[in-house]
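Structure record follows, encoded as structure tokens.
Quick caveat: nothing in here was measured; it's all calculated off a predicted structure.
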Amino acid sequence: MMDSVREFDIIIWGASGFTGKLVVEYMFKEYRVGAELKWAMGGRNEEKLKKVRAEVASEKVPIVIADSHNEYLLNLMAKRTKVICTTVGPYAKYGSELVAACVKNQTHYCDLTGEVQWMRKMIDQHHETAQQNEVKIVHTCGFDSIPSDMGVYFLQKSLLEQTGQYARKISMYLAGASGGVSGGTYESLSNVMEEATQSPKLYKVLNDPYGLNPEGERNGPDKRDLQSVIYDNKVQTWLSPFIMATINTKVVRRAHALSNYPYGKNFQYEEAMMTGKGITGRLKAYAIALPLGLMMKAKPNSLLKKGIDALLPKAGEGPSQEKIASGYYNLKFFAGLSNGHSAVGKVTGDRDPGYGSTSKMLAESAVCLAQDDLPTMNGVLTPSTAMGDALLERLQKNAGLTFSLKLTL
């Protein structure tokens with residue numbers, strides 16, 4: 001069990017990076033620095049950390065120095081805090097030693113990774129030990145995959161309360177979003193594709209709908225995520241592949257498996273982007289699908305990959321403050337019940353999904369892990385299985401998310 005007294009509640013690791021700075025800014029605005037929540041900024045470059053601190057926080061915020069590949073310093077850092085909240089990616093390159101240090105030192109952990117192949121590796125290496133040490137290692141605490149994971153959690157919980165049953169199938173469609181692309185996110189995606197190209201085993205994990213499920217439980221009715229443009233007759237909209245579905249759907253299925261399949265072994269979950277009706281909706285769907293297909297097929301060091309690299313932001317770059325503040329997203333969850341009834345759930349966010357909203361979701365996840373009364377489950381978890389109702393409340397109260405449900409006959 002974690003020591004009751006530690007110097008800090010939270011250390012924000014990677015605080016001088018683009019997303020790390022947003023997390024620090026949010027933490028200082030919402031929680032200041034004091035007895036109620038003891039937090040610090042962490043990184044390897046003291047000068048850069050002090051610069052960020054001067055811009056968005058206060059000199060009262062402590063600074064912790066370590067290095068992603070220095071085991072001794074990582075262990076020292078982990079021993080000082082209840083939670084490490086990290087924005088340092090690609091996590092496959094910079095996160096493995098930190099997870100190991102947190103598991104060893106009984107320190108909770110949360111991150112923003114969407115790197116499925118690395119998550120699988122962390123599950124295989126640390127899940128059992130994290131359970132034994134009563135530690136929560138929580139991946140995907142940003143736009144991938146809190147809205148999906150917590151959206152399904154909220155929807156199923158609400159349906160059980162209102163109808164006495166769970167949905168047999170849920171289709172999440174991104175109905176609208178506005179925001180900017182980050183260099184760090186693109187670098188992480190590129191690293192995933194590069195590792196998968198070099199390893200057939202990793203490529204198999206990426207393509208397996210149940211690739212993050214526990215060993216021996218990687219089966220079910222779901223197929224690969226949508227790869228082409230199709231029309232949904234029930235919802236009456238054209239659908240296009242959603243780039244984050246390959247992450248989100250696996251996280252939702254892992255959460256279901258870890259919870260011992262409360263919705264039934266035949267529960268189905270899928271994600272896509274809805275683009276509207278008629279010829280306009282169809283053209284919009286293809287306009288999304290074609291560039292996405294090219295990006296996913298671009299091999300490392302190919303001319304196509306180099307061309308895409310030149311067009312997209314570099315690591316450390318991201319959207320402007322104005323674009324972050326004016327961004328939004330709207331996710332719709334279409335659920336079918338066994339009695340023939342249906343329901344539509346909705347999750348919205350009030351900022352750019354990849355940065356403005358993500359930084360708030362990650363920060364509140366860290367505070368939740370540090371301070372709230374949480375489910376007893378430990379191990380390498382998803383946001384819903386690690387934090388449940390406590391996180392749901394924080395997201396709505398502090399992080400600008402809304403969750404709603406409408407039943408239809």
Under 3.5 Å, which donor-acceptor pairs do the side chains of residues 371-388 form with other protein atoms, sequence neighbours left out?
from: Gln371; atom 1: NE2; to: Glu36; atom 2: O; distance (Å): 2.8
from: Asp372; atom 1: OD1; to: Arg394; atom 2: NH2; distance (Å): 3.1
from: Asp372; atom 1: OD2; to: Arg394; atom 2: NE; distance (Å): 2.7
from: Asn378; atom 1: ND2; to: Thr376; atom 2: O; distance (Å): 3.1
from: Thr382; atom 1: OG1; to: Asp149; atom 2: OD2; distance (Å): 3.0
from: Thr382; atom 1: OG1; to: Ser384; atom 2: OG; distance (Å): 3.3
from: Thr382; atom 1: OG1; to: Thr385; atom 2: N; distance (Å): 3.4
from: Thr382; atom 1: OG1; to: Thr385; atom 2: OG1; distance (Å): 3.0
from: Ser384; atom 1: OG; to: Asp149; atom 2: OD1; distance (Å): 2.9
from: Ser384; atom 1: OG; to: Asp149; atom 2: OD2; distance (Å): 3.1
from: Thr385; atom 1: OG1; to: Thr382; atom 2: N; distance (Å): 3.0
from: Thr385; atom 1: OG1; to: Thr382; atom 2: O; distance (Å): 3.1

Let me have the donor-acceptor pairs involving side chains of residues 255-262, under 3.5 Å, with sequence neighbours excluded, atom names and distances please.
from: His256; atom 1: NE2; to: Tyr263; atom 2: N; distance (Å): 3.0
from: Ser259; atom 1: OG; to: Ala255; atom 2: O; distance (Å): 2.8
from: Tyr261; atom 1: OH; to: Glu217; atom 2: OE1; distance (Å): 2.7

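Within a 6.0 Å sphere centred on CD of Glu55, other residues, nucleotides and ligands contribute more than 12 heavy atoms. Within 6.0 Å of atom CD in Gln165, more than 12 heavy atoms from other residues, nucleotides or ligands are found, so the atom counts as buried in its surroundings. With a 6.0 Å radius and a threshold of 12 heavy atoms from other residues, nucleotides or ligands, Glu128 has its CD atom at or below the threshold.
No side-chain heavy atom of Ser16 sits less than 4.5 Å from a side-chain heavy atom of Arg53. Here the side chains of Ile170 and Phe267 are in contact, with some heavy-atom distance below 4.5 Å. Between Val251 and Leu212 the shortest side-chain heavy-atom distance falls below 4.5 Å. Looking at Glu393 and Asn398, their side chains never come closer than 4.5 Å, going by heavy atoms from C-beta outward. For the pair Lys21 and Val56, the minimum side-chain heavy-atom distance is below 4.5 Å. At least one side-chain heavy atom of Ile146 sits under 4.5 Å from a side-chain heavy atom of Cys141. Taking 4.5 Å as the limit, every side-chain heavy atom of Met41 sits out of range of all side-chain heavy atoms of Pro62. Leu337 has its side chain within reach of Leu159: a pair of non-hydrogen atoms, C-beta onward, lies under 4.5 Å apart.
Under 3.5 Å, the side chains of Ser68 and Glu97 contain no donor-acceptor pair of N or O atoms. For the residue pair Tyr329/Ser357, the side-chain donor-acceptor check at 3.5 Å is satisfied. Side-chain contact annotation: Tyr328 with Asp352, donor-acceptor N/O pair under 3.5 Å absent. Defined by atom type and a distance below 3.5 Å, a donor-acceptor pair is present between the side-chain atoms of Tyr173 and Asp232. Arg224 and Thr246 share no side-chain donor-acceptor pair at under 3.5 Å. There is a side-chain donor-acceptor pair under 3.5 Å between Ser171 and Glu270. In the model, Thr275 has no side-chain atom that pairs as donor or acceptor with a side-chain atom of Ser240 under 3.5 Å.
Between the Thr358 side chain and the Phe143 main chain, a donor and an acceptor come within less than 3.5 Å of each other. Checking side-chain atoms of Thr81 against main-chain N and O of Ala78 turns up no donor-acceptor pair under 3.5 Å. Without hydrogens or angle criteria, Gln227 side chain to Asp225 main chain gives a donor-acceptor distance under 3.5 Å. The backbone N or O of Lys346 lies less than 3.5 Å from no partner atom in the side chain of Asn330, so there is not a single donor-acceptor pair. A donor-acceptor pair is defined here as one N or O able to donate and one able to accept, closer than 3.5 Å; no such pair exists between the side chain of Arg44 and the backbone of Gly14. The backbone N or O of Val83 sits nowhere less than 3.5 Å from a side-chain atom of His108 that would complete a donor-acceptor pair. Using modelled atom types, one side-chain atom of Arg253 and one backbone atom of Pro209 make a donor-acceptor pair closer than 3.5 Å. Glu115 places a side-chain N or O within 3.5 Å of a backbone atom of Ala92 that can act as its donor or acceptor partner. For the pair Asn133 (side chain) and Val103 (backbone), a donor-acceptor distance under 3.5 Å is present. The backbone N or O of Val61 sits nowhere less than 3.5 Å from a side-chain atom of Ser58 that would complete a donor-acceptor pair.
The shortest heavy-atom contact between Leu112 and Tyr91 is N-OH, 3.2 Å. For the residue pair Gln396 and Phe403, the shortest heavy atom distance occurs at CG-CD1, 3.5 Å. Closest non-hydrogen pair, Arg120 versus Gly211, comes out as NH1-O, 2.9 Å. Between Asp144 and Gly114, the closest heavy-atom pair is OD2-CA, 3.5 Å. The shortest non-hydrogen separation linking Val64 to Ala40 is CG2-CB, 4.1 Å. Of all the heavy atoms in Ser158 and Leu405, the pair that sits closest is CB-CD2, 3.5 Å.
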Exercise. Please test Cys102 against Leu98 for side-chain contact (heavy atoms from CB on, under 4.5 Å), starting from the C-alpha separation and ending with a verdict.
Key: CA-CA 6 Å; Cys102 287; Leu98 180 57; 4.3 Å; yes

Self-check item: Verdict with supporting geometry, Lys50 and Glu46, salt bridge (Lys or Arg N to Asp or Glu O under 4.0 Å)
Solution: CA-CA 6 Å; Lys50 285 182 176 179; Glu46 187 173 6; 3.4 Å; yes

Exercise. Could you walk me through whether Ser96 and Trp118 pass the side-chain hydrogen bond (donor to acceptor under 3.5 Å, both in side chains) test, one step at a time?
Key: CA-CA 8 Å; Ser96 298; Trp118 180 71; 2.8 Å; yes

Practice problem: Mind running side-chain contact (heavy atoms from CB on, under 4.5 Å) on Met273 and Leu239 for me, showing each step along the way? | Solution: CA-CA 5 Å; Met273 295 181 68; Leu239 300 176; over 6 Å; no

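Distance check: Cys85 SG to Ile12 CD1 gives 5.5 Å after rounding to the nearest 0.5 Å. If you take NZ on Lys332 and OG1 on Thr237, they are separated by 9.5 Å, rounding to the nearest 0.5 Å. Distance check, rounded to the nearest 0.5 Å: CG of Leu331 to CE of Met172 gives 4.0 Å. Considering OG of Ser404 and CZ of Phe154, their distance stands at 6.0 Å, rounded to 0.5 Å. Separation of atoms CG (Asn70) and CG (Asn75) is listed at 9.5 Å; rounding is to 0.5 Å. Taking SG from Cys110 and CG from Leu369, the interatomic distance works out to 5.5 Å, rounded to the nearest 0.5 Å.
The pair Asp9-Lys38 does not count as a salt bridge, with every side-chain nitrogen at least 4.0 angstrom from each carboxylate oxygen. A salt bridge links Lys157 with Glu161: at least one charged nitrogen is closer than 4.0 Å to a carboxylate oxygen. Using a 4.0 Å cut-off between charged side-chain N and carboxylate O, Glu25 and Lys29 make no salt bridge.
Between Trp238 and Tyr231, the two ring planes are perpendicular [angle over 60°; tilted spans 30° to 60°].
Annotation: cation-pi pair Arg32/Phe28 present, NZ/CZ under 6.0 Å from the ring centroid and within 45° of its normal. Cation-pi contact between Arg218 and Tyr210: absent, since separation from the ring centre below 6.0 Å together with deviation from the ring axis within 45° is not met.
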